[in-house]
Structures are given as C-alpha cells and as structure tokens.
Amino acid sequence: MKPRLRFAPSPTGYLHIGGARTALFNWLYARRHGGTFVLRIEDTDQERSTPESLQAILDGLTWLGIDWDEGPGKDGGHGPYFQMKKLARYSELAEQLIATGWAYRDYSTEAELAAARKAFAAEKGLKDGDDLRSAGFKFSSPWRDKHEQREGTALIRFKMPRREGRFGFDDQVLGRIEKPYDDFDDFVIMRSDGVPLYNFGCVVDDHDMAITHVARGQEHINSTFPQLMLYEAFGWQPPLFAHIPLIFAQDNSKLSKRKHPEADVMKHKANGILPHALINFIARLGWSHGNDELFTRDELIAKFDFEHVGKSQGVWNPGKLTATNQHWLKNTEPLKVAMQVLPFLQALGAPEASVDAKLELGVKAFAERSTTLVEMAEKLRPYYAHGVTIDGAAAAKHLTPEGKVLLGKAREELAKLSEWTTAALDPIVKTVADASGAKVGAVAQPIRVAATGGTVSPGIGVTLELLGREETFHRLDAALR
RNA sequence: GGCCCUGUCGUCUAGUGGCCUAGGACGGAGCCCUCUCACGGCUUAAACCCGGGUUCGAAUCCCGGCAGGGUCACCA
C-alpha cells in the first residue's frame, strides 16, 4: 500500500521553519515511497485564522518546492481539505460517539467551570496568579453520566474510559511511548458552536484522508494519546506516528515567531537564501545520513527515513545555513542562480540588469565569494554602474606614480585586444609585468583599483570582461587622468 | 507540580557492546595555493552529563541522580 502523508498547518501566521521541516519530512517520505502528500488546512481557530496566513503558508511551501498532491487547489477525492468546510461531517461523527457512549453533551456553563476552578484553588490554597493546570486541576463534568437532553448550548466531551494501566504507541523515531489512562480527563471534542477541536478534527481528517503516517513536532506527543482513544472509539486503525525534535534558537529557547526572525521561512528568501539550501539545512537539522552533509533534492528523497531522525532538540545555526547556501550558490547552474539574484540586483538600483551572458558570468565569478544572493547582488552592483568612485586608501597605495605607469602600459596592451574575454584579458597582467620587470601583483592591483575602485575583486580577466571594453577604458582613463 | 521525551566537540551530528587512542560538517587557529578577495587543499584545538551496575569488554544495555525540553484550553 502506498503511504499517504500530510502536512496540516493552521493558517494563523506565516510558514514557520519548524512547520516547514515537518512538511519537508512528510513530503520526503511520501516522495521516496511513491506515496501521496496531502496538504490540509486546519482553520478551526476562527479567532486567529486569516486568508493572508493561508496564502503565506502556500507561498512558503511553493517557494521551497514542497508540492502537494491533494489539498487547496488540488482535489484528490479525500476532501474537503479545509476543516471549516466539513463541519457537518464532524457533527455527525460526534453524534455517533454520543450514541455509542463514547461522548456526552456537557451543558456546564462558564460560571460553573469558574466555580469549579475557584473551589479547587481554595482547596489547594492557591493564590490568584497560580497555574491551575500545573497544580493538577481537572474538570469533572456533572454531565458525564447524565443522559438527558436539554435545550441550550452544549459542548461535547469525549468520555474517557476509566481504566487501570497504561496505553501508548510505537513511535517511529522515539520508540515505545506510554502513559497511564488516569492521566487524561474528558477532553472536549466539539465546541458549543459546532466547531471541532484539534484532536477531534485531526483524527477524523486523518482517517477520512486515509493517512498512513503522521510526522509532526514533539510538542504533539501528548496529544497523541487522546487521539489514540478516538481511534479506538471509532474502531479505526490509527496511522503510524513519528514525532520529530523541536528546533531551538541560538539562545536555547524555542524558535518563536515573535522573538526570532529566522523562524519565518520567507525571511530567508528575503535574505538571499536559495530554497534548496534551506531545505538541505533543515533536513540535516534533525536527520542524518552517516557523515553526509550536502544533498541534492533527489538524494534527499532517495535517502530520507524516520529511523535516522534524531531524538533531541536541535539549535539553529545561521553560520552553517550560509555555508550551505554558499555551497549551493556554487553548485547550482549559473542560469538558475542568475534568475534568483536578478530581483536583488534590480532592487539595488540596476533596473537595466537582466538574465544574460553578463549576469551569468557575474554569478560564476561571485558565487564563491558570496554567502547569500543579497551579498552577490551587492558585489555585482558596481559592474552595472557607469564610472566608479575610487577608495582613497586604495588609490594612495596602488595608484602611485609607478602604479600609474604600469596602468598606462596595461591600457596600451588592452587597446590592442581584438577579443574581450577572460581568456584574452588575463594574460595582459603577466605580459605587462614581464615587459616592465614588475611583479604581477604590482600590475594587477593598479588595474583592479582603477577598474573597481577598491583592492578586492575576482581575477583581472573576469573583472574586465564583466565591465566590458567601453566601461573598462572609461574607468582606466579616469584613473590615469 | 503530575505525566512524557531527551542528554556525544561551541553548534548540527556519526556511532545500535569490541572496527572508538570517538569520525564528519559549520565555526576557531595555523599552513599551502595565489594578481587582491574568495574558492580549494592540508594540519590542529575541541565532546561521550554524573554515579552505580551488567559484561572478558560500554559512548553504546540497566538503575539512580542531575540537566534541558514538551504537555496538561470551548488554541493548534
């Protein structure tokens, strides 16, 4: 049987890096085994769900290249893929649970709940600000064993069976995990407004969508238990679970949307990170394949498994991300990189730039000198300008009288060239050096300073080819004057 | 606090009882290459949380501490 996996975000914010990795692992597993990857939107939190967030998540996944076989815009026969569109289905199933004795209507009012909390606090001698949950507060509804129907709003609670012992599941990455039955109270499955709660909607949908494997963050370990009870109540076969470790920020706190900008997937796009570099990096954050570090997309698909997903939390390492990015900047076809660096270059004030031979050459020259597309664009920018401002210190050091003599000779040699290519340009430096008994460096630096305004650039040949014949002479003559 | 999960260089990790005087990557230090800057190559410092067991032998298995994390909603 082909596996079916899903990513089920709630549209309450941008695509979080942790969510992206969860999506990636599910996607990778589905792709590896020729299965199906489903995107389901859990929009039952109407307070926080927004269409903008939905779009942001879709955009994030699309940018990363994580495509879904079923989900928004792609009907696969297991829809709807938005939970708010299947409210009737949840009600029907909740009624079924009531009918079979696995759930009950709870007519308790807000006031009654508050009173119960207050009584509990008083009994335990708690102060106002104390957390009742950590003190062990559990609400036992008086409606658990009443079977009467009543007018008015009610929520529906799952009737947790009173059993001795423990129950659990075999996690694909963590191994056997168990908990005692009495750890759970009668959790709410349907709100009084008819909208399902997470655990209920999740189980119903995973079943309806025939999901076989669920990979999700470790923060969901504890919600697996009530979900397991729901599967039992319905008599459904639960999927296999794989709980993957959380990602922490460098300050060792959970990577949060508010405190850590790196938590936003699209922020990395803006920072000039290649989507595949991000994929490669987050894949390695929590999963490994021996000593391998760099993987192409196909290699990731061919090698991914839950067995080698780590058990402990990982810390975000920006340096390694940029190192990975640089590797892919160097190892991706220049044309593809050119297309991605173009917007950055144009934003820097070079609207005339386009994806052409010049830009491709520039990408080749600067890929190994840049860590991000932003940096590459900044380095490319001067090659799209007319004229250049020469750095004072650089001029003082290299555009000395002697330097200018060598520069002048180089200009003469350059003028003789019929072909303006790196191959033709490169030897000029040595030619001039040999002819004038100077070191190559003594010739190269004045040219570099005159052509770029500074002491740092790629090889003279590429630099001048990038500049073009006309602009090169323009700058050289300006420096010679 | 109850319950649950985890614990190898600064960070990500390899490691599933002998191959480990613990390997790789990022970062650090140094050297080489070199027209500058990079890239690349080489070298190097740096870790098995602690304590008990089990075993001929433990980073690997067990127990106990300790530490970190998760979770306990009409959020997901």
Could you tell me which residues satisfy ring pair (Phe, Tyr, Trp, His ring centres under 6.0 Å) with A/Tyr90, sequence neighbours excluded, listed by chain and number? none
Checking side-chain polar atoms at under 3.5 Å, does A/His16 have a donor or acceptor matched by the opposite partner on A/Ser256? no
Give the B/S/- string for nucleotides 24-38 of chain B, one per nucleotide from 5' to 3', where a protein heavy atom under 4.0 Å of the base yields B, of only the sugar-phosphate yields S, and otherwise -. BBB--------BBBB
Nucleotide by nucleotide, 5' to 3', does protein get under 4.0 Å of the base (B), only the sugar-phosphate (S), or neither (-) in nucleotides 64-76 of chain B, counting heavy atoms? ----SSBSBBBBB
Kindly write out the residues that satisfy ring pair (Phe, Tyr, Trp, His ring centres under 6.0 Å) with A/Phe7, not counting sequence neighbours, or none if the list is empty. none
Integer angstrom distance from the P of B/G23 to that of B/G15: 15 Å
Does A/Glu293 pair with A/Lys320 as a salt bridge, N-O distance under 4.0 Å? yes
Considering only the C1' atoms, how many Å lie between B/C20 and B/U8, rounded to the nearest integer? 12 Å
Taking atom types as modelled, is there a side-chain donor on A/Asp186 or A/Tyr104 under 3.5 Å from an acceptor on the other? yes
Could I get a table of every N or O pair under 3.5 Å where one atom is in the protein and the other is in nucleotides 45-49 of chain B?
none

Would you measure the distance from the P atom in B/C49 across to the matching atom in B/G68 and give it in whole Å? 16 Å
Pair A/Asp206 + A/Arg40: basic N to acidic O under 4.0 Å: yes
ring-ring contact (aromatic ring centres under 6.0 Å, His included) pairs, two or more places apart, involving residues 424-449 of chain A: none
Distance between C1' atoms of B/A46 and B/G51 (Å, rounded): 25 Å
Given that both distances must come in under 3.5 Å, which nucleotide forms a Watson-Crick or G-U wobble pair with B/A47? none
A/Arg163 atom CZ, neighbour heavy-atom count above 12 within 6.0 Å: yes
Re B/U71: Watson-Crick or G-U wobble partner, both distances kept under 3.5 Å, found to be B/G2
Interatomic distance, A/Ile247 CD1 vs B/U6 P [rounded to whole Å]: 18 Å
Tell me which nucleotide, if any, is Watson-Crick or G-U wobble paired with B/G17 when both distances must be under 3.5 Å. none
Test: A/Arg117 and A/Glu110 ion pair at under 4.0 Å: no
